[in-house]
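The structure appears below as structure tokens.
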2 protein chains.
Amino acid sequence: MDKFDSKILRLLIQNARITGADIARKINLSLPAVTERLRKLGRSGIIDSYTIRVNREKLSLHLMAFINIWIDHTKNTNVKDQITAIDEVLECHHVAGDYDLLLKVLVSDTAALENLLVNKIKAIKGITRTSTTIILRSYKEEINSKAF
Amino acid sequence: MDKFDSKILRLLIQNARITGADIARKINLSLPAVTERLRKLGRSGIIDSYTIRVNREKLSLHLMAFINIWIDHTKNTNVKDQITAIDEVLECHHVAGDYDLLLKVLVSDTAALENLLVNKIKAIKGITRTSTTIILRSYKEEINSKAF
DNA sequence: CGTGAAATGATAGGAAG
DNA sequence: CTTCCTATCATTTCACG
């Protein structure tokens with residue numbers, strides 16, 4: 001991971017569909033050199049995968065929320081597997097704190113949120129309590145760290 | 001957004017560097033048809049941008065945390081602009097709840113977290129209180145919703 | 001690093017729902 | 001009117017020397 005690799009990663013984060021030739025031009029390296037570096041970055045696992053960002057508003061997914069979950073650990077059910085299988089759950093983190101799991105969920109509206117909570121999340125055995133925080137607005141939502 | 005567009009989006013989420021020809025083969029459409037749909041998805045704004053997912057472990061960014069922030073609104077400083085400018089801040093959400101802002105941050109270790117809190121976040125005028133929750137492990141971390 | 005074969009992408013013209 | 005296809009041409013990618 002030298003300076004060139006960092007630059008390549010930054011360019012890819014801005015637009016993963018950029019061509020190798022374009023990268024070569026921008027960082028002043030020959031195309032074969034860039035191709036080789038891309039292969040290495042892929043093989044080394046630094047590049048996890050290529051994806052797109054979809055506009056959630058345009059897909060009518062307007063409501064995002066965080067849900068804290070308390071788990072009764074005496075009931076040894078695998079809550080996390082059931083949680084992560086839910087489509088609306090974007091993230092599921094095990095945290096060190098008052099509660100056990102923190103979810104980020106994305107739904108179309110409050111009705112869908114209610115349905116998610118009542119029929120999907122609270123239906124899972126072992127969950128003793130939940131607490132939901134609605135997101136009013138997201139000022140920043142990065143996929144990747146720029147800190148490299 | 002018909003069935004074909006949905007399929008194209010799914011394929012792109014799996015690998016944004018997939019070629020148009022490959023998409024055409026997989027969904028049984030000609031290449032020009034796929035090209036035209038990609039253009040439309042871009043123009044309509046459903047595709048926000050193309051990016052990569054980088055492996056944070058490989059970049060030695062091991063520590064993720066959520067930080068709740070309370071703001072004194074009588075001091076009319078634009079806290080959010082200063083917060084979102086910080087590289088380590090991956091997300092910044094304005095929430096409806098006890099506190100005002102919820103941040104997701106990514107750093108290398110606890111020393112970096114301390115530095116972030118003391119020198120960058122708490123240095124911002126208008127922030128009255130913070131509360132940090134360390135993420136032990138992430139079971140799921142999706143960029144995009146699969147719910148379309 | 002350059003070169004050429006192979007794959008990919010863009011475009012035009014035309015047909016069908 | 002929109003969406004699709006075939007065919008052709010320009011461009012990019014990739015592997016080899």
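Proteins get letters first, then strands, A, B, ... in listed order; numbering begins at 1 in each.
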In whole Å, I'd like the distance from the [atom1] atom of [X] to the [atom2] atom of [N].
X     : N      : atom1 : atom2 : result
B:L31 : D:dA10 : CG    : C1'   : 14 Å
B:D5  : D:dT2  : CG    : C1'   : 13 Å
B:I27 : D:dC5  : CD1   : P     : 9 Å
B:L38 : C:dT11 : CG    : C1'   : 16 Å
B:F4  : D:dT2  : CZ    : P     : 19 Å
B:E36 : C:dA12 : CD    : P     : 12 Å

- Query: Does a salt bridge link B:K104 with B:E88, judged by any charged N lying under 4.0 Å from a carboxylate O?
  - Reply: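 No.
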- Would A:K80 and A:D100 pass as an ion pair if we require N to O under 4.0 Å?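 Looking at A:D100 together with A:K80, the answer is no, because their closest N to O distance does not fall below 4.0 Å.
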Counting just side-chain N and O atoms, does [X] come under 4.0 Å of either OP1 or OP2 of [N]?
X     : N      : result
B:K40 : D:dT2  : no
B:T35 : C:dG9  : no
A:R39 : D:dC14 : no

- For A:R17 and A:A33, take the nucleotide of DNA chain C holding the closest heavy atom to each; which residue's nucleotide lies nearer the 5' end?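 Looking at DNA chain C, the more 5' nearest nucleotide goes with A:A33.
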